[in-house]
Amino acid sequence: MAISGLERRSEHEWVIPQTGPMRVPAVIYASESLVNAMDAKVFEQACNVASLPGIVGASYAMPDAHWGYGFPIGGVAAFDPTAGGVISAGGVGFDISCGVRTLRTGMTRAQLEAGRERLANELFRTIPAGVGSTTSYRLTGREMDDMLAGGARWAVENGFGRPEDLLRVEEHGCMEGAEPSVVSQRAKERQRDEMGTLGSGNHYLEVQRVVNCYDPEAAAAFGLAEDDIVVSIHCGSRGLGHQIGTEFLREMVIAAPGLGIELPDRELACAPIESPLGQRYLGAMRAGINCALANRQILTQMTREVFARVFPEAQLELVYDVSHNTCKAEPHYVDGRSRGLFVHRKGATRAYGPGHPELPEEYRKAGQPVIIGGSMGTASYILAGTQESEQRAFSSACHGAGRAMSRHAATRQWQGRQVVDELAARGIIVKSRSLRGVAEEAPGAYKEVAGVVEATDRAGLARKVARLEPMIGIKG
DNA sequence: ATGTTC
């Protein structure tokens, strides 16, 4: 079946050939049914990205792609700084380094059941969640700058977690090249008492059980077996990342004409990586990445403290921490030679294959853990990066189910209370301070995560390792 | 995503 403008290259790969202002083709990795269900805006946005200066290879969309600000969410694009390549605030997204980490507890389902209700209550009471949530960890100006430079490493040095955690975080917990001095005072003020908060929207803390190991060897390498209890934390850089995104987006829109950049869409505002503005954004964005890494690290420590009260035997070792909204400098092979590229992944996960030097020793054979968050009430997945992913989309994979309808549409279709009750009937405890938020996040408002993961696996972006089913959800 | 519209 022909889908307007798309050529099918293989079962799970679709191409929009280079035309007009496009500098490279657009490539969509998805099944036929996912492509059919995608908003045409995704294809339009992928083509717009393909027209940006210095783009290398192609503009990619992952199987969970949906309409976003400028770039599609589920979009991947790499740029060569020596060829006028650009960096785009909209290409990273507002929630800089939003991501997810998974902790294994060493507990089985039967052990959890004995105290599940109490654990849910304690987590809900302890983990600050929701719009404008704050904590008592209020940072001084100096501490803020140290946190922005040090990320999760700063958090560990300040008592939040264990040094060995850092081996299982991208960038070993600290994004180098962060420039706290170029982050505005306003961004810092917004973040001052938001460290260790979950936030709202699709962010969550979930207690899950491993229900299926598709690749037992890789699952064992990640410390996972069927019936194990794990905890996943999904959140980002809170007010700070949002403020950085807002400010630089505005500045890039204003600066673009003077930098000789013609924008097909003002939401694609960007600056050459080698320009002073590009460098300033890079320094601020990297500080935003560190903020998110530190935030997830602090939340990890808070979660450990809750478990210590309810299940003292639980261990809570970090499996891995991945970021979904980033632009990172990485070497990639293009046409047989290694080039230093800046890879935007917006709603997309890095998925390094086996043997990559960035990976911790014990994961080097299996490949990078790729954590795919489901919606509340549906499964999450752990995948592993593949060797061929490097040739697909610069070692990238999807990040979640992806929304199937707007938040507004979801609130017309569901009541929060009804969603909570239906999940409870299925044995899933969901706790949230916002019933409207629960309605917006109703499982039915998302694509079928299993189909997205299957397409990701079949497209060769990452391979399935394990499926996780929710047991407790703490929502913003 | 977001002190849910500086």
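Just so we're on the same page: letters track the sequence lines, and every chain starts at 1.
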- Please work out whether the ring planes of A:F79 and A:F71 are parallel, tilted or perpendicular, with thresholds of 30° and 60°. tilted

- Note on the structure: In terms of heavy-atom contacts, A:C47 and A:M22 come closest through O-CG, 3.6 Å

- With ring centroids as reference points, do A:Y69 and A:F94 lie under 6.0 angstrom apart? yes

- Closest heavy-atom contact between A:Q208 and A:S380? NE2-OG, 3.3 Å

- Item | Donor-acceptor contact present, side-chain A:D95 to main-chain A:N325, <3.5 Å | no

- Aromatic ring proximity A:F394/A:H332, centre distance under 6.0 Å: yes

- Query: Which pair of non-hydrogen atoms, one from A:R392 and one from A:A459, has the smallest distance, and what is that distance?
  - Reply: NE-O, 2.7 Å

- Query: Between atom CZ in A:R190 and atom P in B:dT2, what is the gap in whole Å?
  - Reply: 9 Å

- In whole angstroms, how far is the P atom of B:dT2 from the CZ atom of A:R238? 5 Å

- Which atoms form the tightest heavy-atom contact between A:E170 and A:S323, and what is the distance? OE1-N, 3.3 Å

- Task: Taking only heavy atoms on the protein side, list every residue of residues 397-415 of chain A lying under 4.0 Å from any atom of DNA chain B, sorted numerically.
- Result: A:R407

- Item | Sugar-phosphate, base or nothing in reach of A:G93, heavy atoms under 4.0 Å | nothing

Could you list all N or O pairs between the protein and nucleotides 4-6 of chain B that sit under 3.5 Å apart?
from  : atom 1 : to     : atom 2 : distance (Å)
B:dC6 : N3     : A:R186 : NH2    : 3.1

